[in-house]
Amino acid sequence: MPISKIMIAVAALSAGHVMAATAPANIAISSGASASKNNLKIVLQSLCGSNTFTEYTDGTSNVSTYVCSTGGTDYASSSPVNFTGTAFAELRMNVNGGSFTAACLLANWPAGTSCPVADQYWDPAAAGMAAAPTGSVVVGGLMDVEPTAFLQSVRSGITTPTSVISAKFGQAFGVAVSGALYSAMFADQQSKLGQGCTETAYSRPECVPVIGKAQMATIMAGGGGNAAYVKGANFLAPSQLAAGTQLTYARRVDTSGTQASAQQYFLGNVCNTNGITVVGAGASAGAITVTALPTTGGVRTLLNTAGSYVVGIMSGENNQSGQTWKWVRVGGMHMAESALPNDAAVTFSNTATALDGRYDYWFLSRVAKPNVTAVNNFWTAVINGFANVPVANTKGLFGVAETAYTRGTSSACQPITSN
């Protein structure tokens, strides 16, 4: 949950205390994927039992410190209680850089690599961001795909984690476009859409515009000379927009699991010896502006820009109200129950087509961690807890027990098949 004004005040009052309420040995440190963060919070809250569960944040959704204690939410005066089945009473988490930062954390943020500067975490005692305290325990983190699903150029100079296991849940991804681009694509494809379609028939899949897998691959491939980079937004709506109309590809940074999954799905990277090179982060050319965004929030901001033509890839948990962007069908199949996020006309899961085998743009999430007892126990408790999170609690995520289809447990390169 977002931090409340009261919690901010409580955290600020504790700033003058010299020592945190939790001993460093009972503080776990994690970086990695953002999509599963809400489900992780639910599990930790359940593992806190009848004790007080408190979330402290920096005011964003990507940095949280979760604390189990007795004695209320005043961090300095409360007494830590370990989450059931673990040696930790506190988890400090930063997911700003994307999935691969779990591997960066385990490798101690090596300089001169694709890893960003070392993450900082919210310190409730100081009511501010700080490095992981000396004596705290690095537990690794959740990843949208395994570390080896990232390009070798991303992994270069970074030690592969010693232990990577299934988190036992899958995550669906989709292609989103800005409101202006959606309108243009709808008008362009109107003669091909279902009978009686209107642009606002967002919950009728046959009325939702399609982006072809080959079209998205062309945008992602870049190089400056292909058709997409010459035509821009006209490439996706040729009858509506002039050639050269500026299109923004809301690309994530190389450490993003969403980016890695997109490169694997659309370009065949890692899994295919003839995979296509992806356009570099920030490598704008011709009529396409290519960004280098560290967070999904940055993608949504661009997608919500009025009058702009933007395309980007996001995971299915993105279902926020008050958005102007829309989901489009990938190769003719929809991920979401409605193109309009948080559409009041439908009940969302953003997983139904993935669960029944009609939609294959999803991946099995992983945990990258050290192979030590205390850490193994922590993740065993968390992964077991994931199975008890209510179905569709977080849109786009689903437990492996919810479907007869699987990608296998060791490699995202394995095609999806029925059990």
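Everything numeric in this text was worked out from a predicted model, so none of it was measured. In this chain, numbering begins with 1 at the start of the sequence shown.
- A donor atom on one side chain and an acceptor atom on the other are found under 3.5 Å apart for N39 and T394.
- Proximity of a side-chain donor or acceptor of S69 to a complementary backbone N or O of P80 within less than 3.5 Å is not detected.
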> Where do S114 and D254 land on the side-chain hydrogen bond (donor to acceptor under 3.5 Å, both in side chains) test, with the steps shown first?
Replying inline: CA-CA 7 Å; S114 64; D254 290 330; over 6 Å; no
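- Atom NZ of K37 is surrounded by more than 12 heavy atoms from other residues, nucleotides or ligands within 6.0 Å.
- Nearest heavy atom pair, residue A292 against residue G282, reads CB-N, 3.9 Å.
- A donor-acceptor pair under 3.5 Å is formed between the side chain of T101 and the backbone N or O of G32.
- Looking at every heavy atom in both residues, D123 comes nearest to A130 through CB-CB, 4.2 Å.
- One distance of note links CG of L293 with OG1 of T258; it measures 11.5 Å at 0.5 Å rounding.
- Taking the side chain as every heavy atom from C-beta outward, L105 and I29 approach each other to under 4.5 Å.
- Summarising the geometry of V145 relative to G257, their closest heavy-atom pair is CG2-O, 4.5 Å, with the distance given to 0.1 Å.
- Results of the ring pair (Phe, Tyr, Trp, His ring centres under 6.0 Å) test with F398 over F169, W362, Y405 single out W362 as the only residue that passes.
- The pair E146-R366 meets the salt-bridge criterion, since a charged nitrogen lies less than 4.0 angstrom from a carboxylate oxygen.
- Rounding to the nearest 0.5 angstrom, the gap separating the CZ atom in R407 from the CD1 atom in I416 is 4.0 Å.
- The side-chain heavy atoms of V139 and F88, taken from C-beta on, include a pair separated by under 4.5 Å.
- Between atom CD1 of residue I42 and atom CZ of residue F53 there is a gap of 9.5 Å, rounded to the nearest 0.5 Å.
- Remark: the E90 side chain and the Y75 side chain contain an N/O donor-acceptor pair separated by less than 3.5 Å.
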>> Would V310 and L247 count as a side-chain contact (heavy atoms from CB on, under 4.5 Å) here? Give the steps.
In response: CA-CA 6 Å; V310 184; L247 174 69; 5.9 Å; no
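- Looking at E55 and S64, their side chains do bring a donor and an acceptor atom within 3.5 Å of each other.
- A donor-acceptor pair under 3.5 Å links the side-chain atoms of T295 to the main chain of G298, judged by distance alone.
- For S30 (side chain) and G140 (main-chain N/O), a donor-acceptor pair under 3.5 Å exists by modelled atom type.
- Side-chain contact between H334 and W327 is absent, with no heavy atoms from C-beta onward closer than 4.5 Å.
- Sparse packing is recorded around NZ of K168, with 12 or fewer heavy atoms of other residues, nucleotides or ligands lying under 6.0 Å away.
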> Does the side-chain hydrogen bond (donor to acceptor under 3.5 Å, both in side chains) test come out yes or no for N350 and E317, once each step is laid out?
Replying inline: CA-CA 8 Å; N350 286 355; E317 93 277 4; over 6 Å; no
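- N26 places a side-chain N or O within 3.5 Å of a backbone atom of A87 that can act as its donor or acceptor partner.
- Taken from CG in L151 to CG in N269, the straight-line distance is 5.0 Å, to the nearest 0.5 Å.
- Side-chain contact check for S203 and E337: no donor-acceptor pair (N or O, by modelled atom type) lies under 3.5 Å.
- The backbone N or O of F150 lies less than 3.5 Å from a partner atom in the side chain of R155, making a donor-acceptor pair.
- When every heavy atom of L364 is checked against every heavy atom of S166, the shortest pair comes out as CD2-OG, 3.6 Å.
- Contact annotation: the side chain of S178 approaches that of S308 to within less than 4.5 Å [non-hydrogen atoms, C-beta and beyond].
- Side chain to side chain, S31 and D119 meet the donor-acceptor criterion of an N or O pair below 3.5 Å.
- Stacking of K369 on the aromatic ring of F378 is not recorded, the 6.0 Å distance cut-off and the 45° axial limit not both being met.
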> Run the side-chain contact (heavy atoms from CB on, under 4.5 Å) check on T65 and M93 step by step: do they pass?
Replying inline: CA-CA 6 Å; T65 292; M93 190 175 197; over 6 Å; no
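- Side-chain atoms of S261 and Y265, non-hydrogen and from C-beta on, never get closer than 4.5 Å to each other.
- Two residues are said to be in side-chain contact when any heavy atoms from C-beta on lie closer than 4.5 Å; V67 and Y56 meet this criterion.
- Nearest heavy-atom pair, L142 versus S36, reported as atom, atom and distance to 0.1 Å: CD1-OG, 3.4 Å.
- Between Y359 and Y361, the two ring planes are tilted [angle within 30° to 60°].
- Donor-acceptor pairing under 3.5 Å is recorded for the side chains of D343 and S338.
- Annotation for N393 and N38: closest pair ND2-ND2, 3.4 Å, computed over non-hydrogen atoms.
- Side-chain contact, Q320 with N342: no donor N or O sits under 3.5 Å from an acceptor N or O.
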>> Please determine whether side-chain contact (heavy atoms from CB on, under 4.5 Å) holds for the pair V63 and M129, giving the CA-CA distance in whole Å, both sets of side-chain angles, and the decisive distance to 0.1 Å.
In response: CA-CA 9 Å; V63 174; M129 298 294 286; 3.8 Å; yes
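- Contact annotation: the side chain of M335 never approaches that of F173 to less than 4.5 Å [non-hydrogen atoms, C-beta and beyond].
- Rounding to the nearest 0.5 angstrom, the gap separating the OG atom in S34 from the CG atom in L40 is 12.0 Å.
- The backbone N or O of L241 sits nowhere less than 3.5 Å from a side-chain atom of T245 that would complete a donor-acceptor pair.
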> Can you check side-chain contact (heavy atoms from CB on, under 4.5 Å) on R252 and T296, steps first, answer last?
Replying inline: CA-CA 8 Å; R252 296 285 302 280; T296 304; 3.2 Å; yes
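- In this structure, CG in L303 is found 8.0 Å from OG1 in T324, a value given to the nearest 0.5 Å.
- A distance-only check finds no donor-acceptor pair linking the side chain of N377 to the backbone of A374 [under 3.5 Å].
- For N62 and N94, the side-chain atoms include no donor-acceptor pair closer than 3.5 Å.
- A distance-only check finds a donor-acceptor pair linking the side chain of Q215 to the backbone of G212 [under 3.5 Å].
- Distance alone, capped at 3.5 Å, is enough to place a donor-acceptor pair between the T403 side chain and the L355 backbone.
- Side chains of V279 and Y229 form a contact here, defined as non-hydrogen atoms less than 4.5 Å apart.
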